[in-house]
Amino acid sequence: MGAFVHLSLLVCACLALPRAMAQRPAFSEQVLEGVVRGAQNQSYIQAPFHVPAGTHRVTITFAYTAREQHTALDLGLLDPTGLRCWSGGNKSMLTVGLSDATPSCLPGAIPPGTWNVLIGVPNIRKGVESHYTLHVFLSKTGEVAQQPAVLREPLRAGPGWYRGDLHMHTAHSDGECPSQTGTMVPCPLFFTVDAAARRGLDFIAITDHNATSQYDAMRELQPYFDKVLLIPGREITTFDGHVNFLGTTDFVDFRLGTSAVPDLNTLLGNADALGALTSINHPDAPSGEICMGCGWTPRHPVDMRLLTAVEAVNGGSEKYGLSGIPFWDKQLNDGCRLTGVGGSDNHRAMQPLDEIGSIGSPTTVVQAAELSTPAILDGIRKGHVFIDLAGTHDRMMDVTASAHNAQAHAGDALKAERGVSVHFTLRVTAAEGGTVRWIEDGKEMPSAGDAAVNSADQQFAMQWSSDGNRHWIRAEVTDGKGKLWLVDNPVYINWEIANRCGPQ
Ligand SMILES: [Zn+2]
Ligand SMILES: [Zn+2]
């Protein structure tokens, strides 16, 4: 108390992503400034601010002057009911959300009303003035892309191909590992992230079944694991199928069949409204008592436009020979432009990393503008993705299709009128001993011929003549005996991307 508090309200012009986020103002920012004087030594100061109803997250950053004169100010946060955070002097940023909070803070409901930043003054010398600046960000959504910059800073700047895994389970659902005495127990989330780090992955999405409790553990681990981006995810697990929701921490009601969620279209529409990227998992898995609701078996017709991706390769299905590729191909043939991704579906973080289904097996490789959650999800939305089934560190494939003066890469659309010849090139790296094949509308193109990969960095060419109709063409690399090593996303010829899942 007693400090001069100046409050100014800034309305942020938050970042714009291609999704229809512009209608939704994402967060507000306030700046609280004040002065602490020598007479306030060994006291507590409160800086109040108002939190409106409907706020999903409160984030504060804190800076102050006169440190060189041994001024020390501690940081805490009070909600209208009591102490929410106390960090002492070791943190300059605190965030409190519905599911997760900075260590030092408690996650949970965000009660509306007057909150206070709590500033402890363990030391300020007589005659010294310390000026502090607090930024208070109030988020109206749990979507990562819509958070203030301090919460979505990239782990690595700059464009690149980033390697990761989009599907795994921890103690927060049915992930398990041996305890100290060898009993199988719910496996602490740390071991999952540690396995991803040991594998050298750039990102993982932790997708426990329907839960949101894993985000708090991720909040604690991310500063330590500063080379592995932790993407908030969930495997929405219903009686009609399993769908990954990526990129938001907001709760989604998964209780399919209740009046709140009568069908999958309602569920997927709710996810879309929250900014989640949705991806069907293991669509060809069997449903029944062995795996309840695992296959994609909707009781009502699903509007496939509500989905962005499909798990073409699942670690478990690879093991049991149940590929998601036929399902994916059928969607593409129906005009549904779904990005093909991979996911280990790992449930045992401690399993050896050379086993099928270990974390990173398969690896999903995404071309993204930077290593951040919004950029990785944007790369998946654009289809700039290939799947490395063996989860290597270095295998690459990159398709370029050219017609007239236009170029397209995997995931892109290209216009080619009847009679136009499209020139495809494929660059394959670190896949010696493999064989290249081309798939057109779900069928291998015999005319393209098999081509042996016999050097570490090799280019392949393929000429294709357009009939003017809608087609999709993708490249694959096998081990030469048919076992898949690399699966690319298609180049879309004559597709109206805006009209996905529609007639030509
Ligand atoms: Zn599943
Ligand atoms: Zn799963």
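We count ligands from 1, going down the list as the structure has it; atoms in each ligand are counted the same way. Keep in mind that what you see is a predicted model, and the values were worked out from it rather than measured.
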Subject >> K481 with D479: basic N within carboxylate O range, under 4.0 Å >> reply: no
Subject >> Non-neighbouring partners of H384 that pass ring pair (Phe, Tyr, Trp, His ring centres under 6.0 Å), sequence neighbours left out >> reply: none
Subject >> Pairs flagged by ring-ring contact (aromatic ring centres under 6.0 Å, His included) wherever residues 143-188 is involved - sequence neighbours left out >> reply: W161-F386, H167-H169, H169-H209, H169-H347
**OP:** Using 2.8 Å as the cut-off, note every protein N, O or S atom close to the Zn ion (ligand 2).
**Re:** H167 NE2, H169 NE2, E235 OE1, D345 OD1
**OP:** Please determine if D240 and R299 form a salt bridge, counting it only when a charged side-chain N lies under 4.0 Å from a carboxylate O.
**Re:** yes
Original post:
If you draw the axis of the six-membered ring of W485, does the NZ or CZ of R395 fall within 45° of it and under 6.0 Å from the ring centre?
Top reply: yes
Which pairs of donor and acceptor atoms, one on a side chain in residues 222-229, lie under 3.5 Å apart (sequence neighbours left out)?
| unit_1 | atom_1 | unit_2 | atom_2 | d |
| --- | --- | --- | --- | --- |
| Q222 | OE1 | L230 | N | 2.8 |
| Q222 | NE2 | F225 | O | 2.9 |
| Q222 | NE2 | V228 | O | 2.9 |

